[in-house]
Amino acid sequence: QVQLVESGGGLVQAGDSLRLSCAASGRPFSSYVMGWFRQAPGKEREFVGGIRWSAGSTYYTDSVKGRFTISRDNAKNTVYLQMNSLKPSDTAVYYCAAVRSYFSPSTSSQYDYWGQGTQVTVSS
């Protein structure tokens, strides 16, 4: 059974940085894509970015390109979301997700496994 546990959320000010972690367990993830999503109050869940575990290649939604970076640590089975130059509009619950794929899934329905989420609040 795949388990994903996010951590690292919190309250920060606009312009600050924050790094989220997603600890993955349950099976080898070499053929998986790990995605980050976020959901603000009253809004639909939004794709932030993803990483293909084996290659380490990443892709992002336009609104975070140049500010957010996804990486992974194979030894720790952990994926990270480094968020820089945070804006109040980045305030949301952030979720880690996983799916076995060789493509670039970017919708929530394409992912099979989800973490519980971690709150990120950016004050102006």
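Throughout, residue positions are numbered sequentially from 1 according to the sequence presented.
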Legend entry - Residue pair R100 / D112, side-chain heavy-atom distance below 4.5 Å: no

Inset, instruction - Report yes or no: does Q116 contribute a side-chain atom to a donor-acceptor pair with the main-chain N or O of E6 at less than 3.5 Å? - result: yes

Inset, instruction - Please list, chain by chain and in numerical order, all residues satisfying side-chain contact (heavy atoms from CB on, under 4.5 Å) with S71, sequence neighbours excluded. - result: Y80

Inset, instruction - For residues I51 and W36, determine if any side-chain heavy atom of one lies less than 4.5 Å from a side-chain heavy atom of the other. - result: no

Legend entry - Considering all heavy atoms, the nearest Y60-I70 contact: OH-N, 2.8 Å

Inset, instruction - Determine, stepwise, if the pair T91 / Q119 fulfils side chain to side chain contact (heavy atoms under 4.5 Å, CB included). - result: CA-CA 8 Å; T91 295; Q119 176 71 47; 4.0 Å; yes

Legend entry - Approximate separation, where rounding is to 0.5 Å, of Q1 CD and R27 CZ: 7.0 Å

Inset, instruction - Rounded to the nearest 0.5 Å, what's the gap from CG on L81 to CZ on R38? Could you check? - result: 9.0 Å

Inset, instruction - I would like to know whether M83 and V64 meet side chain to side chain contact (heavy atoms under 4.5 Å, CB included); could you show each step before the answer? - result: CA-CA 9 Å; M83 304 184 292; V64 306; over 6 Å; no

Legend entry - Ring center gap for F47 and Y59 short of 6.0 angstrom: yes

Legend entry - Considering all heavy atoms, the nearest F37-S108 contact: CE2-N, 3.5 Å

Legend entry - Nearest-0.5 Å distance, OG of residue S25 to CG of residue L4: 7.5 Å

Inset, instruction - Kindly give the heavy-atom pair with the smallest separation between S63 and E46, and that separation in Å. - result: OG-OE2, 4.0 Å

Inset, instruction - Would you check, one step at a time, whether the test side chain to side chain contact (heavy atoms under 4.5 Å, CB included) holds for W53 with N77? - result: CA-CA 10 Å; W53 195 289; N77 248 25; 3.7 Å; yes

Inset, instruction - Spell out, as yes or no, whether a donor-acceptor pair under 3.5 Å connects the side chain of Y95 to the backbone of Q39. - result: no

Inset, instruction - Answer whether the closest heavy-atom distance between the side chains of C22 and R72 falls below 4.5 Å. - result: no

Inset, instruction - Check T78 against S21 and note the closest heavy-atom contact, atom names and distance. - result: CG2-CB, 4.1 Å

Legend entry - K87 with D90: basic N within carboxylate O range, under 4.0 Å: no

Legend entry - Pairwise distance OH(Y102) to CZ(R52) - rounded to 0.5 angstrom: 13.0 Å

Inset, instruction - Flag yes if Y111 and F29 sit in one hydrophobic cluster, no otherwise; membership is Ile, Leu, Val, Met, Phe, Trp, Tyr, and two members link when side-chain heavy atoms are under 4.5 Å apart. - result: no

Inset, instruction - Hey, can you tell me if F68 and Y94 have their rings parallel, tilted or perpendicular (30° and 60° cut-offs)? - result: tilted

Inset, instruction - Check the angle between the aromatic planes of Y113 and Y32 and answer parallel, tilted or perpendicular using the 30° and 60° thresholds. - result: tilted

Inset, instruction - Give the minimum heavy-atom separation between G9 and T118, together with the two atoms involved. - result: N-OG1, 3.2 Å

Inset, instruction - Write down the atom of P88, the atom of S124, and the distance for their closest heavy-atom approach. - result: CG-CB, 3.9 Å

Legend entry - Test side chain to side chain contact (heavy atoms under 4.5 Å, CB included) applied to Q110 and V99, step by step: CA-CA 7 Å; Q110 292 176 293; V99 62; 5.6 Å; no

